[in-house]
Amino acid sequence: MTQRILLIVSGGIAAYKALELVRLLKGKGLAVRAVLTDAATKFVTPLSFGVLTEDHVYGDMFDLKEEREIGHIQLSREADLIVVAPATANILAKMASGIADDLAATVLLATDKPVLAVPAMNVRMWDHKATQRNLDTLRGDGIHVMEPDVGAMACNEWGKGRLPEPAAIVQEIERLLAEAPSPAALLTDTSRTIHAPDLSHANLLGRHVLVTAGPTHEPIDPVRYIANRSSGQQGFAIAAAAAQAGARVTLVAGPVSLPTPRGVTRVDVQTAREMQAAVEGALPADIAILVAAVADWRAADEAGQKIKKDGSGAPAPLALAENPDILATLARHIQRPALLVGFAAETETVVDHAIAKRQRKGADWIVANDVSGDVMGGSHNSVHLVTAQGVEDWPDMPKALVATRLIERISDELAAR
Ligand code: CTP
């Protein structure tokens, strides 16, 4: 099925590059429909967009004909992804504060579809605290924000704020379209409801679900750290699915650049010890799902200054200390959650290791995945659910579906107890 982009063009000097963006997207077989703000029409013409998109170009909210034929809700409903490019400081500010004073801003406020904002502006506007504050708000609201390029500006200045090249924007759009739709999108998109969590049991309503996600970073000195390849996607998808099922969700996240899922309380941490403190601080919880790829070791002594080469050619010694095991700690905790789910990242004899890990750590369930391929950082996962009753092999599926299915299983488990 053709995927559909709703492209919102706001008024900046980079608006002309949005035409090239449309051409590239159409070349990829995507359907593109454009909405231009009034200011955008001072830089580029609706006619050019009409020719390239082969569609009507939208602009004026109070054009009765447009509202009768297709309203602002419909514009958003008919898109798989909304892209704001270029996104001026002005439209970002409106998005961050929920102002809906023209068609573009109204569509952005009314949508439940993923939104990618591609900022472009003068470096001083970019650096301004107000813009950075708005960007933080937008990221927190789940908007994907692309970083602008650094370079020469139209106003004879140099710095960050140039619109990324259209080819790079296309890449980001393809990445977002390839990502499985979030459970929220699945629930609102009736064409895909088969994947939506079956909420007929509603057993998660009002329950407190604690999720850990992402890697941890263990500092060696002020500039170096020990880390791993975890992207956090699986844990974030699980947090989103739990919130969608009506749970109160606390997500303790290691250092990742993912937007906070709607309705989820997020606590950001860097190290394993910080993660443990945040997890214990979030108790009591009815269910804990520990997805984080916690670093097993940290530097025994974090150097206060950057470690320098001593000229001898011998590597600097690095003594390691073992990190606390958060899953095992929770299993023994006086406030142990009623259902404790761990993940097991394995590269060989996946199921056997997971069965042993479930017993060793005292978890109720272990979701085991083979991370020898590109699971870490990838969008798919193929997992085995190890419980006291046995092992279920799940087929390879997008991480968002693993999340939905796990939440359904948890809901069934709560009903059965
Ligand atoms: N985990 C944890 N704290 C740690 C290490 C792991 O809470 N310090 C949790 C993970 O979040 C996951 C589970 O334990 O739910 C298993 O993680 P994994 O990395 O597969 O296991 P390890 O304990 O590292 O075991 P091993 O390295 O022996 O495979």
Side-chain angles (χ1 to χ4, degrees), residues 209-219 225-239 242 249-256 258 267-283 285 287-300 320-333 335-337 339-373 375-377 381-388 391 394 399 402-403 406-407 409-410:
V209 176
L210 175 59
V211 181
T212 66
T216 62
H217 284 184
E218 309 295 333
Y225 56 83
I226 301 170
N228 60 61
R229 295 183 196 282
S230 168
S231 66
Q233 284 181 63
Q234 185 63 81
F236 274 60
I238 289 170
V249 182
T250 305
L251 172 62
V252 180
V256 292
L258 290 175
V267 183
D268 284 315
V269 297
Q270 294 284 325
T271 67
R273 286 183 293 175
E274 286 170 14
M275 185 171 274
Q276 168 147 24
V279 163
E280 292 191 85
L283 293 174
I287 298 135
I289 311 168
L290 304 194
V291 196
V294 184
D296 291 320
W297 299 284
R298 65 177 184 275
L320 298 176
E322 193 167 346
N323 267 330
D325 190 310
I326 304 167
L327 180 57
T329 309
L330 265 195
R332 294 188 307 265
H333 204 280
Q335 291 179 297
R336 184 194 194 279
L339 184 64
L340 184 55
V341 184
F343 267 65
E346 309 290 354
T347 55
E348 55 181 355
T349 50
V350 178
V351 171
D352 290 347
H353 276 143
I355 291 171
K357 204 168 270 183
R358 191 184 84 82
Q359 294 209 317
R360 190 173 71 244
K361 298 205 181 199
D364 297 306
W365 295 357
I366 289 280
V367 181
N369 56 349
D370 184 345
V371 291
S372 55
V375 164
M376 281 190 144
N381 210 352
S382 97
V383 306
H384 313 269
L385 180 65
V386 179
T387 70
V391 181
W394 292 6
K399 287 180 174 174
V402 172
L406 182 64
I407 291 301
R409 281 289 278 108
I410 290 174

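Numbering starts at 1 and runs along the sequence shown. Atoms within a ligand are numbered from 1 in the order they appear, just like the ligands themselves.
For R336 and D364, the salt-bridge test passes: some basic side-chain N is under 4.0 Å from an acidic carboxylate O.
From the protein, the heavy atom lying nearest to atom 28 (O) of ligand 1 is R360 NH2, 4.0 Å. Closest protein heavy atom to atom 20 (O) of ligand 1: K357 NZ, 2.7 Å. Residue, atom and distance of the protein heavy atom nearest to atom 10 (C) of ligand 1 are A292 O, 3.3 Å. What sits closest to atom 7 (O) of ligand 1 on the protein, heavy atoms only, is L327 N, 2.8 Å. The nearest heavy-atom contact from the protein to atom 22 (P) of ligand 1 is K361 NZ, 3.6 Å. From the protein, the heavy atom lying nearest to atom 17 (O) of ligand 1 is F343 O, 3.5 Å. For atom 4 (C) of ligand 1, the closest heavy atom belonging to the protein is V294 CB, 3.5 Å. Annotation: atom 3 (N) of ligand 1 to nearest protein heavy atom, I326 N, 3.0 Å.
A354 meets the side chain to side chain contact (heavy atoms under 4.5 Å, CB included) test with A344, I366, A368, V386; sequence neighbours excluded. By the ring pair (Phe, Tyr, Trp, His ring centres under 6.0 Å) test, H217 is found to be paired with Y225, residues two or more places apart in sequence or in another chain being considered.
When side chains are defined from C-beta on, I289 counts as touching I410, because their heavy atoms get closer than 4.5 Å. Side-chain contact between V367 and V341 is present, with at least one heavy-atom pair separated by less than 4.5 Å. At a threshold of 4.5 Å between non-hydrogen side-chain atoms, the residues V371 and E346 do not count as touching. Two residues are said to be in side-chain contact when any heavy atoms from C-beta on lie closer than 4.5 Å; H384 and V350 meet this criterion. Between R298 and I226, every side-chain heavy-atom pair lies at or beyond the 4.5 Å cut-off.
Proximity to A344 (heavy-atom distance under 4.0 Å) selects the following atoms of ligand 1: 20 (O). Within ligand 1, the atoms closer than 4.0 Å to a non-hydrogen atom of P324 are 3 (N), 4 (C), 8 (N), numbered from 1 in the order shown. Less than 4.0 angstrom separates some heavy atom of G342 from each of these atoms of ligand 1: 15 (O).
Contact annotation: for D296 versus ligand 1, heavy atoms closer than 4.0 Å belong to the side chain alone. Contacts of A293 with ligand 1, taken as heavy-atom pairs under 4.0 Å, are absent altogether. Proximity of H353 to ligand 1, defined as any heavy-atom pair under 4.0 Å, is not found for any part of the residue.
Cation-pi geometry between R409 and W394 is not met: the NZ or CZ atom fails to fall both under 6.0 Å from the ring centre and inside 45° of the normal.
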